[in-house]
Amino acid sequence: MDKAYNHTDHETDIYRMWEDGGYFTPAIDKKKKPFTILLPLPNANDPMHMGHALFTVQDILVRWHRMMGDPTLWLPGGDHAGIETQYVYEKKLAKEEKSRFDFDRDTLYLMIEEFVEKNKSVNRDQMKRLGFSLDWTRYKYSLDPHIVSIVLDTFRSLHKDRLLYRDARLVNYCPRDGTGFSDLEVVYKEQVDPLYYLKYGPFTIATVRPETKFRDTALAANPKDKRYTQFIGKTLEIMGLLGPINMTVIPDPDVDMAFGTGIMKVTPAHDAHDFELGKKFGLPVTPIIDTRGKMDFSWFLTKKDADPKYRQRAQKYHGLKVAAARKIMVEDLASDGLLVKTDENYTHRVGSCYKCGSVLEPLPIPQWYVKTKPLAQKAAMAIRKKQTRIFPLKRFEKMYLDWLDNIEDWNISRQIVWGPRIPVWYCLDCNPGIILSFLTNEKLHVRGTYDELKKTYTFDEISHGLQTLSAPLEAEFSLNAKPCTRCNGTRILQETDTFDTWFLSSQWPYTTLGYPDSEDFKYFYPTSVLDTMWDILFFWVARMMMMGAYRTGNVPFKAIHLHSRVVDAHGQKMSKSRGNVVNPIEMVDRYGADALRMALIYGAGPGSDIALSEDKIRGMRNFSNKLWNMGRFLVMNMENTKDVPFYNVDIHNALTASDKRIISELNMLTTQITKDLSKYRFSDASQRLYEFAWHKVADVYIEKNKERFTSGDPVALTALRHVILTLMKLLHPFMPFVTEVIWSKIPKKYDKPLIVSPWPGK
RNA sequence: GGAUCUGUAGCUCAGCGGAAGAGCGCUGCAUUCACAUUGCAGAUGUCAGAGGUUCGAAUCCUCUCAGAUCCACCA
């Protein structure tokens, strides 16, 4: 054996030995209870980061259970990651001075597909570098046809159960990325904007969005506000930048009397609160901002009787981006004497796109929604009844329940190409003009709902539109478009929206296992543990619980273990802009996978951030070397001594007090580690093992008995071998490579690799 | 606005009712010894502050200060 442990000499060979030996693939044994973990599917396009390296937690559990003799499945997969991947791809296109608008839908899809296929293997190879004992024979990709077909079937099933609807409500729309998002994906940023006080007929109103005032449809005041009670219900003529308009004052108890002047303009098309208010009072929805985030004054410019002076003004605003238009309008308001004052220091929070940071525009666009309340109830119940337990902290359980108890319907439509299209077909003959694609230069030009909304639809008219929509949905719900069953029309258009990626990944537990009939599904579902970072508790974990319970009748996990974020040595979040990102593969190259794994686990308290430094990883590399040299010491001394008996109860009596003491401590340690693992106390276990191996066995036991070992005392060597072999087993889940190598060097009775050796006490 | 978490050695953090701990860093000594990716010895703390419960509090309770996070979103 070499003087020092050099991981690069061993890791590749060891992993190949495990994989070729088929040890990652479980044998289904109906007499035994399986242990199953699904790997939180990484973006198939992403190289590995420290977050992925933390899946070490799962490998620890999996390796432990495998040694315990459980049929153990750790199922890997990759995610097409809809918007994430399309975003990355569009950035790539931008470098080539192209954009998504240069391609038709199918071409763009194929280009992205090719891009992903090229990168797919990178992440997989990196997982192997970390030593993850994933069953690669079962690898799944989120766009595998059989997975998609189950997802589409879920959509159909939701429709049948009346848990699905299409509605034209306000969507958080990113004009830059060209898609809407669910509420969860909105990031609110605090910023300072001018608050303008505008003259509004007899009133003064305060607003940060003067550009939307052209299409205000009402004014609202608190019914308790004595200043305005006399006006409630009255319609007033108000002078604006484009001439006089009529507006009614409506009562709204939500209006804060202390804010601004206590009276508010109502813009149902561009504000969520106003939209609800509009619904209540039957106000028209009158958008003035389009999906590109530009002002749209066509409603005014097409007016035949418009005053030429105002027409000119509208022409000036038309097509400007919101921010630019606002600036010019404020100038015009000032010159018309309509600007009362400006508060420059108004701080508020603005919804922005989590991908590109653009300000999101609330826009009225029809989207598909899942009614989540009934689904959420079951998912919450599973936790309340302790069918599923959440580790490590109560606070995550509370977060989970609070979210499910207050859940809103889920917008699953995305206006991107990368992902499965929503399986709905519209008949353009009997139900024309339903949908519009904002994505690319689609060849099919269809008059869209958004255009229709611009024509000042009332809420009644919108809901009427939705009723006519549901007809072809009922009639035409197959995977391939056939002639319309109502009018026999052949101009059928599939919904151009794709699914929110989370709609697919929320079904991962049963789609990957082959719901509903496969052996795997019957045997491995529900899975044992889900381990993931807490930041996707709502996006993914809660939704998997909902969909699993809905589709299969069982929630998908018996336990949910939430781990924390990896931060740098100073507790700072790792980010490219800070320049403190530690690349896991570089660390594996330099110090070995075992060192990185141990560094991630050691000293990481449950629920708190995990501080990782290169110093710490180096420290753990030193620990690997310590183990190596303990093994080396044993092997060297055994070489000169024949017939070292194997440890057993009979020999125990021949041991010295010192031997007996270390074995007794080892037995206590075994019990303790087993207990730690069953309670997800990985850090505690790793610290105990480190302490015992280095400071009890190496520093004390070996040093005190050194003469006995070097002189070849068979009894002493028996004890030491027993201690080291047992220690290798206990450490194997944490540091699989170095323990497997040491194991292979020590003469012993078993010929099986360590990975499938029985857990001590088992 | 609602909720939650954290404050312990220079740094990162364990401990969460019974004599203040670990890793890294630091200081001194050792060196043909399994290992210098080492060993031995050592220094460093009003356990954020105040009050309370208790025979006993870093640990439980209340408040204060400081930092962080989640949810809801305000014209």
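Letters A, B, ... mirror the listed sequences (proteins, then strands); counts begin at 1.
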Participant: Is A/Lys748 positioned over the aromatic face of A/Trp743, cation under 6.0 angstrom from the ring centre and no more than 45 degrees off axis?
Facilitator: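 A/Lys748 over A/Trp743 ring: yes.
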
Participant: Using a heavy-atom cut-off of 4.0 Å across all strands, would you classify A/Ala220 as base, sugar-phosphate, or nothing?
Facilitator: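 Contact class for A/Ala220: none.
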
Participant: Distance under 6.0 Å and angle within 45° of the ring axis: does A/Arg169 meet both against A/Tyr369?
Facilitator: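 Relative to the ring axis of A/Tyr369, which defines the angle, A/Arg169 lies inside both limits.
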
Participant: Confirm from the modelled atom types if A/Lys706 and B/A34 form a donor-acceptor pair under 3.5 Å, side chain to base only.
Facilitator: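 Indeed, a donor on one side and an acceptor on the other fall under 3.5 Å apart.
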
Participant: Any donor-acceptor pair under 3.5 Å between the side chain of A/Lys616 and the base of B/C24?
Facilitator: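 No, no donor-acceptor pair under 3.5 Å.
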
Participant: Closest approach to the side chain of A/Lys398, judged atom by atom: which nucleotide of B/U4, B/G23, B/U12 is it?
Facilitator: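 Closest nucleotide among those given: B/U4.
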
Participant: What does A/His7 touch in the nucleic acid at a heavy-atom separation under 4.0 angstrom: a base, only the sugar-phosphate, or nothing?
Facilitator: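 It contacts nothing in the nucleic acid.
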
Participant: Using the six-membered ring wherever Trp is involved, compare the ring planes of A/Tyr690 and A/Phe623 and label them parallel, tilted or perpendicular (cut-offs 30° and 60°).
Facilitator: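 Answer is tilted, since the angle falls between 30° and 60°.
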
Participant: Would you kindly compare A/Thr710 and A/Tyr188 by the position of their nearest RNA chain B nucleotide and give the one closer to the 5′ end?
Facilitator: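 Checking each residue's closest nucleotide, the 5'-ward one belongs to A/Thr710.
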
Participant: Whole Å only: how far is the CE atom of A/Met399 from the P atom of B/C71?
Facilitator: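 Between P of B/C71 and CE of A/Met399: 7 Å.
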
Participant: At under 4.0 Å between heavy atoms, what does A/Asp699 touch on the DNA or RNA strands: base, sugar-phosphate, or nothing?
Facilitator: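 Sugar-phosphate, no base atom in range.
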
Participant: Relative to the 5' end of RNA chain B, which residue comes earlier, A/Tyr5 or A/Asp609, by the nucleotide with the nearest heavy atom?
Facilitator: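 The answer here is A/Asp609.
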
